[in-house]
Peer 1: 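Dropping a structure here in structure tokens format, bear with me for questions.
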Amino acid sequence: MLDKRFIRDNPDVVKEAVRLKGVDLDVDELLAVDETSRKLQQELDQRQARRKALSKEFANADAAKREQLRAESNELDRQLKQIREAVDETTTRLNELLLITPNIPWDQAPVGFDESDNVAIKTWGQKPEFDFSPLDHVELAEKRGWAEFARARKVAGERAYALSGDLVLLERALHSYALDLLSGKGFTPISVPALVKEGPLVGSGMFPKGREETYELPADNAFLAGTAEVALVGLHSGEILDKDRLPILYAGISPCFRREVGSASRDVRGLLRVHQFEKVEQFVICEADPEESARWHAELLGSAEQILQDLGLHYEVVECATGDMGLGKFRMNDINTWFPSLNMLRETHSCSTLHDWQARRANLRYRDTDGKVRFVHTLNNTAVATPRLLAAVIENYQTKDHEVRIPQVLRPYLGNRETI
RNA sequence: GGAGGGAUGCGAGAGUGGCCGAAUCGGACGGUCUCGAAAACCGUUGUGUCCAUAGGGCACCGUGGGUUCAAAUCCCACUCCCUCCGCCA
């Protein structure tokens, strides 16, 4: 969400953002509705002021006067009711429009309308060389009894999977390692609800746009969140934090659920795109200073890179194009990691700065040193999301004998085994 | 699942129809005192929105409706929290 006053004062900037992000929003309509809404509100305020005054007079009035005041007040009530209906109508529409108003993207972000316009800004490491023909993660896992696909699909349908044996231990090792790394950097590990109400989904910016991507449990008025970010934003929504509590650094863990409606029959094989997965998420709440949030963006991106470097995986960092970065984002960097079986890099991490766009929706504020109340900045990035990253690890580290060499950093979590 | 209790500002907590955007205590901030600090004393201290230079209007006492000239206060529904019983990982 953007500040209404900002939109009013900078309509051209907002229109440009709408264009750059390819959003279906009529900014002129928004401005018109805002104008109407304010006029109606003023009218309402005036009549309400009058009604309040009448009530005050009433206390000291005689019987005849009271009759007259009662009549006037009743008439005012009739008018108020009408105006209130009009106000409700316009504010509902205004909110609809505000909720789909995009954040202003970073002026250095590549302009473009989808993923294909993203620009690689860094690559690290090298593709592994195999002197045998490597298996893909599905073949490898099945050969080793590490996964059940057919049986899992009997239980839970398409894109379902079950991990077993050493692959489960390896998955846990990845998460433990990421959590330890982030704790060491001052992030508080926190496990959060994946089962959430609608409020935090709107607050985090997932709704209304991502509604059909989200599992809904209508009997309970609840949803399954696609990321811990939803709960992490929600935890502090509505609060006014003391400035000395900032920054708040979380390493959030939760299961994640995604319907993948837009990806029908894409990546249906294996562990790449599944409906349910496990993620350690980096999340930052900091003061509303673009330089401060830019520093945290670099920090979050750096931690994700460190994880991949520690794991020895070949990756590239991508500067996401305006049309790919999503409604609420100021800046987004994806990290794509090498998958030998696909002979390509695939997204494993996504680092975003949202400035105060998310904080405004979630009403997450802090009291600055000058005593003013401001909206915080929020940022998030993946640390480890499995099984996608797990698939990358086993594909990249497989041996001719269908074993997997364990990256050094994970060995302490696996009884110091070198291979599984 | 059954029975009860509750939701008020940064925190505790008063307020059961108009004098309440809200007592009191605590916290925080500023000041006096002091070599400095503590104590004591004095003062300040909710958010949003609109018009505006100053300043003012309006809204908000969990959420949404209703009653009334008038609602934090009465009525209804919902959400959340707590206690006890039952069930249960």
Side-chain angles (χ1 to χ4, degrees), chain A residues 1-9 30-95 97-99 101 191-203 207 216-223 230-231 234-246 248 255 285 287-288 356 359-376:
Chain A
M1 201 139 78
L2 293 176
D3 185 3
K4 275 186 283 184
R5 266 164 303 192
F6 176 85
I7 302 173
R8 226 176 276 154
D9 295 341
L30 195 158
L31 291 168
V33 174
D34 174 51
E35 174 84 27
T36 309
S37 158
R38 274 180 300 146
K39 284 217 174 101
L40 285 167
Q41 191 62 51
Q42 278 177 49
E43 217 173 304
L44 189 70
D45 285 355
Q46 278 169 20
R47 300 224 169 144
Q48 248 159 11
R50 176 63 190 148
R51 204 189 57 158
K52 265 173 97 166
L54 290 179
S55 288
K56 288 227 167 78
E57 280 180 51
F58 191 90
N60 307 316
D62 61 29
K65 181 79 175 167
R66 284 191 173 188
E67 231 6 85
Q68 186 197 326
L69 290 174
R70 201 171 277 143
E72 188 180 345
S73 188
N74 279 333
E75 172 56 26
L76 263 179
D77 265 353
R78 266 192 293 281
Q79 295 175 6
L80 277 171
K81 197 168 182 181
Q82 275 185 1
I83 298 170
R84 219 173 266 131
E85 275 166 23
V87 167
D88 285 349
E89 215 173 287
T90 48
T91 50
T92 301
R93 181 62 186 151
L94 186 59
N95 275 333
L97 295 170
L98 282 173
L99 286 178
T101 304
S191 77
V192 295
L195 182 63
V196 298
K197 298 287 186 188
E198 183 166 4
L201 284 159
V202 175
F207 280 17
E216 181 169 6
L217 302 155
D220 300 287
N221 256 313
F223 301 83
V230 174
L235 284 180
H236 295 286
S237 77
E239 293 186 26
I240 300 177
L241 300 161
D242 285 334
K243 195 188 171 190
D244 56 23
R245 285 205 52 192
L246 301 177
I248 295 176
I285 298 173
E287 62 183 284
D356 64 4
R360 247 174 228 290
R361 293 180 159 236
N363 197 23
L364 209 181
R365 297 169 293 175
Y366 71 105
R367 195 177 304 280
D368 212 337
T369 29
D370 59 6
K372 284 224 170 83
V373 174
R374 299 198 159 85
F375 289 100
V376 297

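All of these numbers come straight from a predicted model, not from anything done at the bench. Every chain is numbered from 1 and lettered A, B, ... according to where its sequence line falls, protein lines coming before strand lines.
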Peer 1: Please give the distance between the P atoms of B/U67 and B/G11 as a whole number of Å.
Peer 2: 34 Å

Peer 1: Under 4.0 Å, counting only non-hydrogen atoms across every strand here, what does A/K197 touch: a base, just sugar-phosphate, or nothing?
Peer 2: sugar-phosphate

Peer 1: Tell me if the CD atom of A/E89 is crowded by more than 12 foreign heavy atoms within 6.0 Å.
Peer 2: no

Peer 1: Expressed in whole Å, how much space separates the C1' atoms belonging to B/G15 and B/A72?
Peer 2: 8 Å

Peer 1: Report yes or no: do A/Q46 and A/Q42 form a side-chain donor-acceptor pair below 3.5 Å?
Peer 2: no

Peer 1: So A/Q42, base contact, sugar-phosphate only, or nothing? Heavy-atom distance under 4.0 Å.
Peer 2: sugar-phosphate

Peer 1: How far does the P atom of B/G66 sit from the matching atom of B/G13, given to the nearest Å?
Peer 2: 33 Å

Peer 1: Could you check whether A/D242 gets within reach of a base, just the sugar-phosphate, or nothing at all, counting any heavy atom under 4.0 Å?
Peer 2: nothing

Peer 1: If I pick the P atom on B/G9 and the same atom on B/G46, what distance separates them, to the nearest angstrom?
Peer 2: 13 Å

Peer 1: What contact category does A/N74 fall into here, base, sugar-phosphate, or nothing, at under 4.0 angstrom with non-hydrogen atoms?
Peer 2: sugar-phosphate

Peer 1: Please classify the nucleic acid contact of A/R8 as base, sugar-phosphate, or nothing, using heavy-atom distances under 4.0 Å.
Peer 2: sugar-phosphate

Peer 1: Considering residues at least two apart in sequence or located in another chain, which fulfil the side chain to side chain donor-acceptor pair (under 3.5 Å) criterion with A/R66?
Peer 2: none

Peer 1: Quote, to the nearest angstrom, the P distance that separates B/A38 from B/G31.
Peer 2: 12 Å

Peer 1: Tell me which of A/Q48 and A/I240 sits closer to the 5' end of RNA chain B, going by the nucleotide each one is nearest to.
Peer 2: A/I240

Peer 1: Expressed as a whole number of Å, how far does the P atom of B/U63 sit from that of B/A54?
Peer 2: 31 Å

Peer 1: Which nucleotide of RNA chain B is the first, and which the last, in the 5' to 3' direction, to come under 4.0 Å of a heavy atom belonging to chain A?
Peer 2: B/G18 to B/C80

Peer 1: Determine the Euclidean distance between corresponding P atoms of B/C20 and B/A12; express it in Å to zero decimal places.
Peer 2: 24 Å

Peer 1: Return the CD1 to CE distance between A/I7 and A/M1, rounded to the nearest 0.5 Å.
Peer 2: 9.0 Å

Peer 1: What's A/S73 touching, base or sugar-phosphate or nothing? Going by heavy atoms closer than 4.0 Å.
Peer 2: sugar-phosphate

Peer 1: Can you list the stems that include RNA chain B, where a stem is three or more consecutive Watson-Crick or G-U pairs with distances under 3.5 Å?
Peer 2: B:1-7 with B:79-85, B:10-12 with B:24-26, B:27-32 with B:40-45, B:46-51 with B:55-60, B:62-66 with B:74-78

Peer 1: Taking atom P in both B/A7 and B/G55, what distance in whole Å separates the two?
Peer 2: 37 Å

Peer 1: Flag yes if more than 12 heavy atoms outside A/Q82 fall under 6.0 Å of its CD atom; otherwise flag no.
Peer 2: no

Peer 1: How about A/K39: does its NZ atom have over 12 heavy atoms from other parts shown lying under 6.0 Å from it?
Peer 2: no

Peer 1: Is A/K243 salt-bridged to A/E287, going by a charged N under 4.0 Å from an acidic O?
Peer 2: yes

Peer 1: Between A/R66 and A/K4, which residue's closest nucleotide on RNA chain B lies nearer the 5′ terminus?
Peer 2: A/R66

Peer 1: When you compare the side chain of A/R8 with that of A/R38, does any pair of heavy atoms fall below 4.5 Å?
Peer 2: yes

Peer 1: Is any side-chain heavy atom of A/R245 closer than 4.5 Å to a side-chain heavy atom of A/Y366?
Peer 2: no

Peer 1: Counting any heavy atom closer than 4.0 Å, what does A/R47 reach on the DNA or RNA strands: base, sugar-phosphate only, or nothing?
Peer 2: nothing

Peer 1: To the nearest 0.5 Å, tell me how far A/T91 OG1 sits from A/L40 CG.
Peer 2: 9.5 Å

